[in-house]
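For reference, positions follow the sequence shown, starting with 1.
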Amino acid sequence: MGVHVLLASTALKTISVTGLWLIPLLLGALTYHNYNSYDPEAKVLDKEPKREYDFIVVGGGSAGAVVANRLTEVMNWNVLLLESGPDENEITDVPSLAGYLQLTKLDWQYKTEPTSYACLGFKKRRCSWPRGKVLGGSSVLNYMIYVRGNKYDFDQWESFGNPGWSYRDVLKYFIKSEDNRNPYLAKSKYHGRGGYLTVQEAPWRTPLVAAFVEAGVEIGYENRDINGAVQTGFMIAQGTIRRGSRCSTAKAFLRPIRTRRNLDVSLNTQVTRILINPVTMKAYGVEYIKRGMKRVVYAKKEVILSAGAINSPQLLMLSGIGPKDHLRNVGIRVLKDLPVGENLQDHVGVGGLTFLVDKPVAIVQNRFQAFPVTMNYVINERGPMTVLGGLEGVAFVNTKYANSTGLWPDVQFHMAPASFSSDNGQIVRKILGLTDEVYDTVYKPIANKDAWTIMPLLLRPNTRGYVRLKSSNPFHYPIMNPRYHENALDVARLVEGIKIALKVANASPFKQFGSRLYMKPLPNCKQFKFMSDEYIECQVRTISMTIYHQCGTAKMGPEWDKEAVVDPRLRVYGVEGLRVIDASIMPTIVSGNTNAAVIMIGEKGADLIKEDWLSGKHR
């Protein structure tokens, strides 16, 4: 405050010389300063790290922001949060512009390895893997859908030998984070009010999503809270938005605590290695690059990796923790032989299932005039710009391969009131990396036409991929191979998922719009009868879309689990003072969008640290 007092004093002296006309200007400046200091949504300050902290958190994303918040609740703990990217900007706040953030400096812009099993409709047969390189991580790039997963996911985690991770144990952490503003959920025992993370429906929607939910009921599913007692069913999507704007984990968990004196946040700071004593096997700090300078910072208690399912395993391996043969092949000294980078899982969906409508009810870019739509968003916090990345509805359905109880569905639907070409080919085709042949043949002819889409996605894939180092250079992107669709049952489930999607689209609620399936075949699938099982399988392998849910690459498990990297308290095996707290630790992927589950992992992980250090149980 000293500098601001000095500035105010100087300004007052200036007033006496230059006249009273400056008073309103000064009052405005001081009012803004005071507002900015105490505004819970003001941006965080980028600080230069000191020499030493109690805890160093690597990665300010969906988990790391939560961990930094909760650890600094202990006032005598000093915490450093290192984020490789910058802070959010005005564009990141706008829900409908989520796609525009990809392929920018806020995105790592990863690509999967070429494959002959999937991604056949994308350039070089590689799927794009956007990952957030920004404070808030992928919660800044994602489509904001709030889905926790199925209770059987977490009960299964516990059954693998991970005590404390059952649904009964983790539900309280979902509730702890949440500030659910949907009135009809206010009294639900499954939801929270007053937490840091705002959850609600988008304030604007098309009539197509109501038809989607009604169609689900018509074919035998319930309209229900899919984050409640039972997941199976249809629902208007809930999202992490606040007053019509994105509520990232940076906005939710970091901005309100930006003035805590025991928290330093360093932006544009890429960690290149964890410092580990090879004799004692204790992590004692990290090496990082900021503004082109290599520096180190030390941790008195722990280093916590929250860099995500790609960067956390990359950092572990760069630091000598990983598969010994692979590390030796890239010239890295092996400190601990662990299966880091294995067990990679992701939700893969089928894109391009498009339905045309006769009425002007979809989102078509040319229809919305930029100025009035923008002003409605800025002034009223409403309008098409509040749509959750273009998604409006979610559903969880059972194919014939699903669990016999019907309570653990195997396919999820995302419903969007638009097609791949509703933006006239400006953004969607680029961020997906669609080949010109696929776009020009199939989607260009319906550019700017009213259309809607169902995208089925596989909830629990059988395949397991991997993350590997390309070299020992921390700035070389790692090798990422999810091995999409190498398992025949994974493909078969998605084929059945499309058949259920067609039943939804053919239900009576869509008749009022003249809805009908767009029947232009994909050029590499036209040898098959349109919508036969063979054609659908070809589409599954051609338009294989990641749902941005990579996880599992530092698997949590008991000591006897040869695939485990961390124990049930998220401590890396064989290394003292090092934990992983992010999507990497998931033994199996949750059944639904992963952001809410990763925030839960951050909440529980922070509690585990508090329990260990405040009770003296740390190792």
Side-chain angles (χ1 to χ4, degrees), residues 61-62 95 98-99 101-102 107-108 110-112 115 118-119 121-122 126-132 137-150 153 226 231 235 237-240 308-310 344-353 388-397 409-416 418 420 428 431-434 453-465 480 482-485 490-491 493-494 497-498 501 539-553 582-584 586 588-599:
S62 297
L101 304 174
Q102 295 180 33
D107 176 12
W108 284 97
Y110 290 138
K111 294 277 188 182
T112 61
T115 173
C119 311
F122 303 133
R126 305 178 77 185
C127 280
S128 296
W129 269 15
R131 296 279 84 198
S138 294
S139 76
V140 176
L141 264 63
N142 72 1
Y143 285 17
M144 294 149 282
I145 305 298
Y146 185 80
V147 175
R148 294 172 175 174
N150 192 291
D153 300 328
I226 50 87
Q231 185 185 49
M235 187 184 191
Q238 297 181 76
T240 49
I310 307 303
L344 173 63
Q345 297 160 65
D346 185 24
H347 288 138
V348 61
V350 191
L353 187 65
L388 304 171
L391 299 179
E392 290 194 308
V394 294
F396 291 86
V397 299
D410 56 346
V411 165
Q412 179 182 355
F413 291 158
H414 283 157
M415 175 267 167
F420 281 171
V428 175
I431 62 177
L432 292 178
L434 284 170
T453 304
I454 296 180
M455 183 169 65
L457 65 94
L458 181 66
L459 286 174
R460 293 180 299 282
N462 286 318
T463 52
R464 298 290 184 270
M480 293 153 280
R483 300 179 62 202
Y484 289 148
H485 300 332
D490 287 354
V491 176
R493 287 182 190 272
L494 284 173
I498 284 193
Q539 180 165 345
V540 166
R541 296 187 184 279
T542 301
I543 314 293
S544 318
M545 291 178 59
T546 176
I547 318 297
Y548 323 133
H549 296 165
Q550 296 84 10
C551 66
T553 46
D582 61 23
S584 308
M586 292 186 186
T588 51
I589 194 168
V590 294
S591 303
N593 306 68
T594 50
N595 191 238
V598 174
I599 293 169

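Taking CG of N593 as the start and CG of N142 as the end, the distance is 8.5 Å to the nearest 0.5 Å. Between the CG atom in L458 and the OG1 atom in T463 there is a gap of 7.5 Å [rounded to 0.5 Å]. Within the model, atoms CE of M455 and CG of L494 stand 11.0 Å from one another, a figure rounded to the nearest 0.5 Å. Note: L353 CG to I498 CD1 = 5.5 Å, rounded to the nearest 0.5 Å. Remark: W129 CH2 to I310 CD1 distance equals 5.0 Å, nearest 0.5 Å. With rounding to the nearest 0.5 Å, the separation of OG1 in T594 from CD1 in I599 is 10.0 Å.
Under the 3.5 Å distance criterion, the side-chain polar atoms of T553 are matched with a main-chain donor or acceptor of A309. Under the 3.5 Å distance criterion, the side-chain polar atoms of S584 are matched with a main-chain donor or acceptor of G308. The closest donor-acceptor contact from the side chain of Q345 to the backbone of G552 lies at 3.5 Å or more, if one exists at all. At distances below 3.5 Å, not a single donor-acceptor pair connects side-chain atoms of N462 with backbone N or O atoms of D490. Here the side chain of R493 pairs no donor or acceptor atom with the backbone of L457 at under 3.5 angstrom.
M586 has its side chain within reach of V598: a pair of non-hydrogen atoms, C-beta onward, lies under 4.5 Å apart. Within the 4.5 Å cutoff, no side-chain heavy atoms of L434 are placed close to those of V428. Residues K111 and S128 meet the side-chain proximity criterion, which asks for heavy atoms closer than 4.5 Å.
Here the closest non-hydrogen pair linking L459 and F396 is CD1-CD2, 3.7 Å. Between R541 and H485, the shortest heavy-atom contact is NH1-O, 3.0 Å. Summarising the geometry of M144 relative to A98, their closest heavy-atom pair is CE-CB, 4.5 Å, with the distance given to 0.1 Å. Of all non-hydrogen atoms in P456 and V411, the two that sit nearest each other are CB-CG1, 4.1 Å. Of all non-hydrogen atoms in Q412 and G592, the two that sit nearest each other are OE1-CA, 3.4 Å. Heavy-atom minimum distance, Y146 versus A596: CE1-CB, 3.4 Å.
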### Steps toward side-chain contact (heavy atoms from CB on, under 4.5 Å) verdict (H414, I547)
CA-CA 10 Å; H414 283 157; I547 318 297; 3.6 Å; yes
#### Entry: Worked verdict on R131 versus L141 for side-chain contact (heavy atoms from CB on, under 4.5 Å)
CA-CA 7 Å; R131 296 279 84 198; L141 264 63; over 6 Å; no
### Message
Between R126 and C119, is the side-chain contact (heavy atoms from CB on, under 4.5 Å) condition met? List the steps.
### Response
CA-CA 6 Å; R126 305 178 77 185; C119 311; 6.0 Å; no
### Task
Kindly indicate, with the supporting measurements, whether the criterion side chain to side chain donor-acceptor pair (under 3.5 Å) is fulfilled by S62 and N595.
CA-CA 7 Å; S62 297; N595 191 238; 2.6 Å; yes
#### Entry: From CA spacing to verdict: side-chain contact (heavy atoms from CB on, under 4.5 Å), V590, R148
CA-CA 8 Å; V590 294; R148 294 172 175 174; over 6 Å; no
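In the model, Q550 has no side-chain atom that pairs as donor or acceptor with a side-chain atom of Y110 under 3.5 Å. Between D346 and Y484, the side chains place a donor N or O and an acceptor N or O closer than 3.5 Å (distance only, hydrogens not considered).
Looking at D153, D410, N150 one by one, the single match for side-chain hydrogen bond (donor to acceptor under 3.5 Å, both in side chains) with S591 turns out to be D153.
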